[in-house]
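Shown next, in structure tokens, is the structure this report addresses.
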Amino acid sequence: MDLLDIAIVGGGPGGATLANIFASRGVKVALIERQKDFSKEFRGEALMPSGKEVLDQIGIDIDTENIKYRTVNKFNIFYKGTLIANPEPDFIENGEFRWVSQPQLLEKIIEKSSDYKNFSFYRGYKGQDLIYENNRVCGVKISGSNEEIDVKARVVIGFDGRSSMVRRKLNFSVKNYHQPSDVLWFKIPYPERAFPGSHAFFSLFPNSMLVCVAVYDEKMQVGWVIPSGSYGELKQQGKEKWIKFIKDKSPKEFSKHLQFCLDKNEISDPFVLKMTLDRVKKWNKQGALLLGDAAHTMNAVGGQGLNIALRDAVVCANYLLPLFKSKKLSNSDLDFAFDQIEKERLIEVKQVQQIQSRPPKFILINKFLIDLIFPIIRFIFKFKIMNRIVDKEWVKISKGFTKAKLEV
Ligand SMILES: Cc1cc2nc3c(=O)[nH]c(=O)nc-3n(C[C@H](O)[C@H](O)[C@H](O)COP(=O)(O)OP(=O)(O)OC[C@H]3O[C@@H](n4cnc5c(N)ncnc54)[C@H](O)[C@@H]3O)c2cc1C
């Protein structure tokens, strides 16, 4: 096989977008994705204006392409079943918070990339190991469809998510934010009577919380944040028991809806995911670069991970494309560019991870303290100044903390 310019391990939103940018600009790129069917991989689907901007730049207009999505236009916060706040961030009021089908979005990006002869897609091939030359990564050993292939490339990028093979093989050192929670995910039919329109809400109760979002297919995605390791016990108790626990603490109309879904057997099988939040201390090693969740694993808080991965792709392209165009591809040029990519992205990633590290810890603090804190929070938010401070944070969360514009 010819030497490629770039091999990207992982065809999630970040890897697929980066491959598309390179392919559309004449770089010889291979994208390696272990799943044949994108729906087999569970990932965040919250598309913020900051992520949409990236898709617009690669020619994917989510509003006109045949991709399922639903906008959310109301946001409420409940505590022990009582409404305590209904923030009105601009991006929600303006219908700019979209819940987008990732399998369909990824298929669309691949379809567009396939127009370029210099793009190859290894669908259903798993990156097994790295190939080295002079102690530097120069390719990936992949397997799939009963064959093994050595994909050799000048640059290898690990965009392979939270269980990254590239991170593991190169033994990157990691900063871990301890996350004391797991999330139990399931879907129910959208509770139209309880929340007419298209709502998202948080329902907080001592020691746990629900995150509920209107999603495409007339469904509601429910994430129940629970203390880590507690699912085993819940599972033993059975679905009826833990749904009853949620019901007893939820807003009344929603509670009725949950009972209705239970009776009709319309609650999807739940699955539990460990909340993970970490970051490698340096994003490149021996000529390989990590990006997206492989470099900085995001949890679901604030719906940021998908958007951050897309923005990593843009910044990476801004630095690497000029090198490939000018054929300035010495190891030191590449390593310098890798460092610049990390430096630029770290500003945003650090701020997002700071924000993401707080809620899980907060929820699990002593329940008496929570009972004390919430009335105080409600009181503070009666003052306009507090709302203005929070509004500024919403702008960053929706539009990004830094710029990530495709310049090549
Ligand atoms: C439960 C959960 C809920 C989330 N909710 C949200 C949310 O609401 N909003 C949001 O923005 N973010 C959310 N996130 C985070 C978001 O999903 C990720 O941050 C985002 O998908 C990262 O994109 P990525 O391209 O870096 O990696 P991923 O989307 O993880 O993609 C990595 C890809 O690499 C492939 N891969 C892995 N190993 C190999 C290998 N060895 N060989 C070949 N391919 C491989 C995988 O199959 C996968 O397709 C959530 C994450 C989780 C786990």
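The structure displayed is predicted, hence computed values, not measured ones. Heavy atoms only: backbone and side chains are in, while hydrogens, waters and symmetry mates are out.
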Side chain to side chain donor-acceptor pair (under 3.5 Å): pairs with one or both residues in residues 7-25, sequence neighbours excluded: Asn20-Ser113
Residues in side chain to side chain donor-acceptor pair (under 3.5 Å) contact with Lys285, at least two apart in sequence or another chain: none
Side chain to side chain donor-acceptor pair (under 3.5 Å) pairs, two or more places apart, involving residues 272-284: Arg167-Asp278, Tyr177-Arg279, Asp278-Thr297, Arg279-Gln353, Lys282-Asp339, Asn284-Asp339
Which residues share a side chain to side chain donor-acceptor pair (under 3.5 Å) with Asp293, sequence neighbours left out: none
Non-neighbouring partners of Ser268 that pass side chain to side chain donor-acceptor pair (under 3.5 Å), sequence neighbours left out: none
Ring centers of Phe205, Phe78 separated by less than 6.0 Å: no
Counterpart residues, salt bridge (Lys or Arg N to Asp or Glu O under 4.0 Å), relative to Asp160 (two or more places apart): none
ring-ring contact (aromatic ring centres under 6.0 Å, His included) partners of residues 27-67, not counting sequence neighbours, each pair once: Phe42-Trp185, Phe42-Phe271
Test salt bridge (Lys or Arg N to Asp or Glu O under 4.0 Å) applied to Glu45 - qualifying residues, sequence neighbours left out: none
Partners meeting salt bridge (Lys or Arg N to Asp or Glu O under 4.0 Å) with Arg43 (sequence neighbours left out): none
All side-chain contact (heavy atoms from CB on, under 4.5 Å) counterparts of Ser101, not counting sequence neighbours: Lys68, Pro103, Gln104, Tyr216
Inter- and intrachain pairs under side chain to side chain donor-acceptor pair (under 3.5 Å), touching residues 192-202, at least two apart: Arg70-Ser198, Asn76-His199
Tyr319: side chain to side chain donor-acceptor pair (under 3.5 Å) partners, not counting sequence neighbours: Glu344
